[in-house]
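Okay, structure first, notes after.
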Protein chains: 2
Amino acid sequence: MQDTREKIIALADQLIRTKGYNAFSYKDISDPLEIKNAAIHYHFPTKTDLGVAVVDFETERFKEHTAKWSGMPEDKQLKQLFETFNRKHKEGLVCLMGTLSPDYKTFPESLQEKVTEMSAAFANWTSQCLENGRKKGFFAFDGDAYDRALLVLSNLLASLLMSRVMGPKTYGKISGQLYKDLLKKN
Amino acid sequence: MQDTREKIIALADQLIRTKGYNAFSYKDISDPLEIKNAAIHYHFPTKTDLGVAVVDFETERFKEHTAKWSGMPEDKQLKQLFETFNRKHKEGLVCLMGTLSPDYKTFPESLQEKVTEMSAAFANWTSQCLENGRKKGFFAFDGDAYDRALLVLSNLLASLLMSRVMGPKTYGKISGQLYKDLLKKN
DNA sequence: AAAATTACTTACTTGTAAGTAAGTAAGCAA
DNA sequence: TTGCTTACTTACTTACAAGTAAGTAATTTT
């Protein structure tokens with residue numbers, strides 16, 4: 001019955017993305033899963049443990065995805081990244097980094113480290129993808145690839161957040177223009 | 001003693017930016033101001049009322065600032081916007097939209113509306129600034145000015161958030177590259 | 001001078017979040 | 001078949017957040 005543990009992580013993941021880390025409680029998980037809150041404490045003694053598990057899960061999933069894409073040309077790889085965000089947008093969810101970063105200062109160190117680790121994984125992969133893609137002529141952009149990667153990620157992250165507040169069309173306007181900019185030849 | 005009311009708003013503003021809306025409590029305000037929590041309820045019966053006051057305050061301040069800048073050439077006006085974010089970054093604070101958007105779904109409608117109103121004020125001003133600036137040759141960018149404004153704001157917003165997690169240099173890398181891109185002539 | 005208003009304090013209530021201690025039923029292991 | 005582990009439940013505790021009712025001292029209005 002490792003099933004319950006995985007269900008808890010999946011639900012916590014979704015709750016963090018919809019309500020934010022500090023606004024969800026064990027009751028939000030125990031009710032829909034029809035278990036007692038103590039059952040969650042059995043799998044994750046503290047809320048921090050659960051937070052760490054969710055972030056680890058997402059970091060792992062990102063690494064699995066990018067490993068699968070590694071044979072594709074870089075423009076297709078980047079397209080896959082955009083598609084991942086498109087799906088999140090359609091589900092009405094924001095990305096983990098976007099929802100966790102405002103609350104970052106309220107986290108214990110162990111969770112902060114995991115969030116930083118995850119963000120580094122995103123940035124490093126995107127940086128490599130952009131750098132290699134530019135060398136091969138798929139992308140055209142100025143400046144350092146790592147800086148450009150931060151720019152791309154910041155747009156994707158914020159476009160999901162801003163869509164919540166400014167309406168669903170916001171996401172497409174930002175990500176669409178961003179993608180065009182990268183492919184554009186001067 | 002309208003002073004207390006203003007101090008409450010200023011402190012709440014800072015707390016929302018550091019801990020997030022759902023993580024701060026009336027005690028975080030009453031302790032440093034050396035008043036009782038009931039005194040805060042006197043000025044702001046509910047937490048929502050306080051949230052609305054903070055957002056209104058920031059929207060108003062933004063409108064005052066941009067009104068002051070309105071005589072400047074557009075490149076200087078945009079520079080002022082960047083300077084505003086630079087200052088926030090130096091103080092270790094994120095922007096209100098950045099911290100409120102992940103929690104947006106937990107807000108009552110009245111607060112949601114105020115946040116949406118504030119975001120519209122930001123986007124409309126930036127859009128106008130970019131459009132007029134491009135006409136006069138200060139800026140060079142492709143696509144609709146409103147879409148570009150969303151891109152710029154998303155980068156500024158997210159660069160403050162990401163700096164928390166990825167280190168303070170992140171802000172400069174993103175905002176620096178963003179600014180160069182806008183001034184760049186092809 | 002009396003009445004009302006402002007800006008609070010004192011002292012609660014209610015609700016809920018996080019966490020824990022002790023017990024239990026089912027399965028497996030020696 | 002006895003004992004140990006797994007995956008829980010029952011029934012708590014502690015802490016604190018949000019909000020309120022009633023009182024008060026100082027000022028302001030009439």
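Order of the sequence lines fixes the chain letters, A, B, ..., with proteins taken first and strands second; residue numbering starts at 1 for each chain.
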**Under 4.0 Å protein heavy-atom contacts per nucleotide of nucleotides 16-23 of chain C, with B for base, S for backbone only and - for none** = -SSBB---
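- By the 4.0 Å N-to-carboxylate-O rule, Lys7(A) lies close enough to Asp3(A) to be salt-bridged with it.
- Gln128(A) and Asn124(A) share no side-chain donor-acceptor pair at under 3.5 Å.
- Asp3(B) places its CG atom 14 Å from the C1' atom of dC8(C), with the value rounded to the nearest Å.
- A cation-pi contact links Lys47(B) to Phe24(B), judged by a cut-off of 6.0 Å to the six-membered ring centre and 45° from its axis.
- The NE2-C1' distance, from His43(B) to dA18(D), rounds to 17 Å in whole Å.
- When the C1' atom of dT9(D) is taken as reference, atom CG of Leu33(A) falls 15 Å away, rounded to whole Å.
- In this structure, Tyr42(A) atom OH and dT10(D) atom C1' are separated by 17 Å, rounded to whole Å.
- Across the protein-nucleic acid pair, Lys36(B) atom NZ and dA18(D) atom P stand 17 Å apart, rounded to whole Å.
- Side-chain atoms of Asn22(A) and Thr106(A) form a donor-acceptor pair, as typed in the model, at a separation below 3.5 Å.
- Here the P atom of nucleotide dT9(C) and the CD atom of Glu34(B) are 11 Å apart, to the nearest Å.
- Distance, Lys7(B) NZ to dA7(C) P: 14 Å, rounded to whole Å.
- Remark: Thr116(A) pairs with Tyr104(A) by the side chain to side chain donor-acceptor pair (under 3.5 Å) rule, at least two apart or across chains.
- Figure legend: Lys114(A) and Phe107(A) shown without cation-pi pairing, the cationic atom not lying both under 6.0 angstrom from the six-membered ring centre and within 45 degrees of its axis.
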